[in-house]
Amino acid sequence: MANWKMNGDRSFWYNLAEQTALQAKEFKDCKFVMFPPFVALADVENALFEAEKNVELGAQDVSNYEHGAFTSQVSAEMLTGLGCSYVLVGHSECREYLGQPDELLAEKIEVAQAKGLKTVLCIGETLEEYEAGQSVQIVVEQLEKCLANCENSDLLAVAYEPVWAIGTGKVATIDDIKPIFAEIKQSLLDKFGSKGDNVALLYGGSVKADNANEIFSVDEINGVLVGGASLDATSFVDIARNA
Ligand code: PEP
């Protein structure tokens, strides 16, 4: 999954989408999702018009309201109308810079899923919490609170992204990651029963082609959420190639 964040301009988005889709063709058993800025969605949808079915479109955020007087917000229905099938919820940058708490994220998931969007819930601890040995506790707590209203595990994916590994070049070690994914899996099984096993689990945080292989060696990991390396089609698709 490619999180383009607030990067690029109109010609950049179109080219990146086209190039990524072209290179992704080779990997038919792998799903690629692009999350461009809101204002790029229409152009990217056009660029993906002839893409294979393994390339899908998503948005970086969604309103917790359905419609109405909520200046600046973007509804789930607007996103599906622009061809989105996915949405990120609770990216650490939205939590930190837009002040989005878990309770609000729970509402976003509920509203987005009601419109059929697949929600990718992002969770992860800060450096301070990591150093205090609180990673598992924080992640499980975020998961429980954000999924308080969620009953549809078919429309859910979870991305574990240690905040201290996002955009920093630091990748969590396999020893850091393994126990956390085991806990996430167990929490999902506790909540959804055996269906919890089908929720896709992703790792995010400075993923690149040269560390992808190791990350995918963790049994529970089904995919990766990529920021920086997704801004170049070859670097992004090389992650799939190396994995
Ligand atoms: C992200 O934005 O979700 C992310 C993981 O970014 P980066 O790959 O740049 O660390």
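For the single chain, residues carry numbers from 1 onward in sequence order. Both ligands and their constituent atoms are indexed starting at 1 by order of listing.
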Where ligand 1 meets [X] - atom numbers and elements under 4.0 angstrom, heavy-atom basis:
| X | result |
| --- | --- |
| Leu225 | 3 (O), 5 (C) |
| Gly228 | 7 (P), 8 (O), 9 (O) |
| Gly167 | 7 (P), 9 (O), 10 (O) |
| Ser206 | 7 (P), 8 (O), 10 (O) |

So is Gly204 polar-close to ligand 1, meaning N/O to N/O under 3.5 Å? no
Would you check the N or O atoms of Glu93, main chain and side chain alike, for any that come under 3.5 Å of an N or O of ligand 1? no
Measure the distance from atom 3 (O) of ligand 1 to every protein heavy atom, then report the residue, atom name and distance (to 0.1 Å) of the closest one.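 Answer, as residue, atom name and distance: Glu161 OE2, 2.6 Å.
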Can you tell me the protein heavy atom closest to atom 8 (O) of ligand 1 and the distance?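 Scanning the protein heavy atoms, the shortest distance from atom 8 (O) of ligand 1 goes to Gly227 N, 2.8 Å.
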Min side-chain heavy-atom separation Phe181-Asp219 under 4.5 Å: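 They are not in contact (no side-chain heavy atoms under 4.5 Å apart), so the answer is no.
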Before accepting this row, confirm whether a basic side-chain N of the pair Arg241/Glu26 lies closer than 4.0 Å to the acidic partner's carboxylate O. yes
Under a 4.0 Å threshold between the charged nitrogen and the carboxylate oxygen, would Lys195 count as salt-bridged to Asp154? yes
Using a heavy-atom cut-off of under 4.0 Å, does the side chain or the backbone of Asn3 touch ligand 1, or both, or neither?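 Answer for Asn3: side chain.
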Region of Ala165 engaging ligand 1 - heavy atom pairs below 4.0 Å: backbone
With no hydrogens and no angle check, do the side chains of [X] and [Y] hold a donor and an acceptor under 3.5 Å apart?
| X | Y | answer |
| --- | --- | --- |
| Glu125 | Tyr160 | yes |
| Asp232 | Gln19 | no |
| Thr173 | Asp176 | yes |

Is ligand 1 less than 4.0 angstrom away from at least one heavy atom of Gly205? yes
Below 4.0 Å from any atom of ligand 1, is there a heavy atom belonging to Lys208?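 No.
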Options Met1, Gln60, His91, ranked by nearest heavy atom to atom 1 (C) of ligand 1, top entry: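 When every heavy atom of Met1, Gln60, His91 is considered, His91 comes closest to atom 1 (C) of ligand 1.
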Answer yes if Leu117 and Tyr65 sit in the same cluster of Ile, Leu, Val, Met, Phe, Trp and Tyr residues linked by side chain heavy atoms under 4.5 Å apart, and no otherwise. no
Checking Trp4 now: which residues fulfil side chain to side chain donor-acceptor pair (under 3.5 Å) with it, not counting sequence neighbours? none
Residue pairs passing the salt bridge (Lys or Arg N to Asp or Glu O under 4.0 Å) test with at least one member in residues 129-145, sequence neighbours excluded, are none
